[in-house]
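Heads up, the thing below is written out as structure tokens.
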There are 2 protein chains.
Amino acid sequence: MYLRSNITRLLQYRSCLTKFQELGFETIYSYNLGMHIGVSAEQIRKDFSKFNIRGNKKAGYNIEKLITAINKIFNKTSPQNILLIGYGNLGQSLIKYKGFSRSMFYIKAIIDIDPSKHKRKTTVPVFPPEKAPEIIKKNGIKIGIIAVPDIAAQEICNMIVKAGIKGILNFSSLVLKAPEDVQINNINLGNELEAIFYHIQLKKKNI
Amino acid sequence: MYLRSNITRLLQYRSCLTKFQELGFETIYSYNLGMHIGVSAEQIRKDFSKFNIRGNKKAGYNIEKLITAINKIFNKTSPQNILLIGYGNLGQSLIKYKGFSRSMFYIKAIIDIDPSKHKRKTTVPVFPPEKAPEIIKKNGIKIGIIAVPDIAAQEICNMIVKAGIKGILNFSSLVLKAPEDVQINNINLGNELEAIFYHIQLKKKNI
DNA sequence: GTTATTTTGTGAATAATGTAACATGTAATG
DNA sequence: CATTACATGTTACATTATTCACAAAATAAC
């Protein structure tokens with residue numbers, strides 16, 4: 001099953017809808033929403049229809065209901081705790097990133113191999129790797145963010161998956177191996193730039 | 001045209017191939033490579049075939065040739081200069097990120113609105129926003145990384161696009177509006193986590 | 001040098017995704 | 001209360017992507 005694109009679009013819809021709501025709008029048409037996101041109106045109606053989100057013929061969609069419906073799809077009933085592995089530059093900026101709490105994700109603990117970084121009393125405590133399984137199990141953490149150097153990534157992955165992690169946001173450039181039932185999303189900044197560059201070249205050639 | 005998935009796979013292939021090469025391998029079979037990346041062997045052959053990369057029947061693909069061929073597709077003949085806009089937490093960690101130079105992308109200059117951050121003499125100099133157009137034009141910069149708060153993102157986007165930027169890596173949660181010929185890739189960390197969470201739930205229900 | 005084996009490369013079949021078209025239902029109008 | 005206008009929702013169509021299946025080529029074995 002191939003829902004990935006669908007799902008990311010839904011998230012974009014929600015983010016855009018929230019903005020419309022803040023501006024005082026109460027309803028929206030598929031056409032408007034499409035315009036603002038760069039997606040066809042039919043696409044939007046199809047997406048909504050697929051998830052059984054219904055609008056009002058002639059009157060469009062009620063924004064609040066839409067947002068509620070999308071939230072329900074993502075099942076955000078309770079806040080989700082996250083484990084961050086790697087407290088280097090990237091890890092530190094992730095801790096300061098405000099977008100996570102906006103979507104009810106909280107980094108509950110940090111794992112790092114460097115003893116000088118270990119601190120138990122800070123807002124987000126930092127522990128050594130060997131503590132990870134215990135933390136995961138005790139807090140029922142299901143999602144981990146891997147922000148360690150490539151060389152350590154697979155080993156960390158194995159460890160946290162064994163301890164019960166079911167979803168990983170992987171910032172290393174490795175393609176991690178894990179059982180089928182573990183969802184891994186990769187963010188590879190270098191590759192993103194390469195892809196952008198490639199597309200620029202393509203467009204230059206008018207293909 | 002819908003090459004996005006193709007392209008990201010090629011990049012994954014390259015990254016994996018490099019690792020095999022470092023391990024001393026000289027040739028590889030589509031089957032092996034597929035195993036390591038989680039892609040079918042046919043898919044890999046199709047991808048290569050599409051870009052006219054040929055292997056050797058029975059003897060597989062020569063790794064070095066493969067890497068060269070992929071590099072050629074991405075046309076990395078000369079290093080590419082990048083403009084980073086926003087020198088907050090994320091911006092600072094991007095500067096320290098080593099993966100860019102590995103793929104020949106160099107952050108040439110940084111733009112930030114905070115005067116206390118402006119420095120002309122550092123390795124990567126920091127300038128105020130109004131300097132952006134000049135820097136872009138003088139250095140022929142084609143790619144920008146937007147790492148500013150949402151509120152400023154669209155305005156910055158307009159400015160750099162007007163100055164000649166053709167590709168944007170957007171870390172804000174806004175869906176930026178720009179002309180068709182500007183390639184925008186979005187990285188939305190909150191959405192990534194949401195998507196992971198969604199897939200975990202799906203898998204739990206065995207769908 | 002012939003045969004067996006293995007792996008590529010690709011056309012055909014299938015699946016997934018996106019687009020277009022239009023019937024349906026709802027609100028507004030007079 | 002009938003009519004009109006308009007946006008949804010769905011069916012049919014078109015495009016794109018993936019898998020399957022197998023011929024062709026290259027190596028290895030005998």
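Residue numbers begin at 1 in each chain, while the letters A, B, ... track the order of the sequences.
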Between [Y] and [X], is there a side-chain heavy-atom distance shorter than 4.5 Å?
{"X": "A:N56", "Y": "A:N62", "answer": "no"}
{"X": "A:E194", "Y": "A:Y198", "answer": "no"}
{"X": "A:D112", "Y": "A:D114", "answer": "yes"}

| Residues B:E42 and B:R45 bridged, charged N to O under 4.0 Å | no

Interatomic distance, [X] [atom1] vs [N] [atom2] [rounded to whole Å]:
{"X": "A:I44", "N": "D:dA7", "atom1": "CD1", "atom2": "P", "answer": "14 Å"}
{"X": "B:N62", "N": "D:dA26", "atom1": "CG", "atom2": "C1'", "answer": "15 Å"}
{"X": "A:F51", "N": "D:dT10", "atom1": "CZ", "atom2": "P", "answer": "15 Å"}
{"X": "B:D47", "N": "D:dT16", "atom1": "CG", "atom2": "P", "answer": "16 Å"}
{"X": "B:Y29", "N": "C:dT8", "atom1": "OH", "atom2": "P", "answer": "8 Å"}
{"X": "B:N6", "N": "C:dT17", "atom1": "CG", "atom2": "C1'", "answer": "15 Å"}

| Which listed nucleotide (C:dT19, D:dT8, C:dT10) is nearest to the side chain of B:R54? | C:dT10

| field | Among D:dT18, D:dT8, D:dA26, the nucleotide that comes nearest once only the side chain of B:K58 is considered | value | D:dA26

According to a strict under-4.0 Å criterion, is [X] in side-chain N/O contact with OP1 or OP2 of [N]?
{"X": "B:S30", "N": "C:dT8", "result": "yes"}
{"X": "B:N56", "N": "D:dT27", "result": "yes"}
{"X": "A:R45", "N": "C:dT24", "result": "no"}
{"X": "B:S40", "N": "D:dT19", "result": "yes"}
{"X": "A:Q43", "N": "C:dT17", "result": "no"}
{"X": "B:Y61", "N": "C:dG9", "result": "yes"}

| said: Regarding A:D150 and A:S173, do their side chains bring together a donor and an acceptor under 3.5 Å, going by distance alone? | reply: yes

Assess whether one donor atom and one acceptor atom, taken from the side chain of [X] and the base of [N], lie less than 3.5 Å apart.
{"X": "B:K46", "N": "D:dT19", "answer": "yes"}
{"X": "B:K50", "N": "C:dG9", "answer": "no"}
{"X": "A:K57", "N": "C:dT24", "answer": "yes"}

| said: Reading DNA chain C from 5' onward, which residue's closest nucleotide shows up sooner: A:E42 or B:Y31? | reply: B:Y31

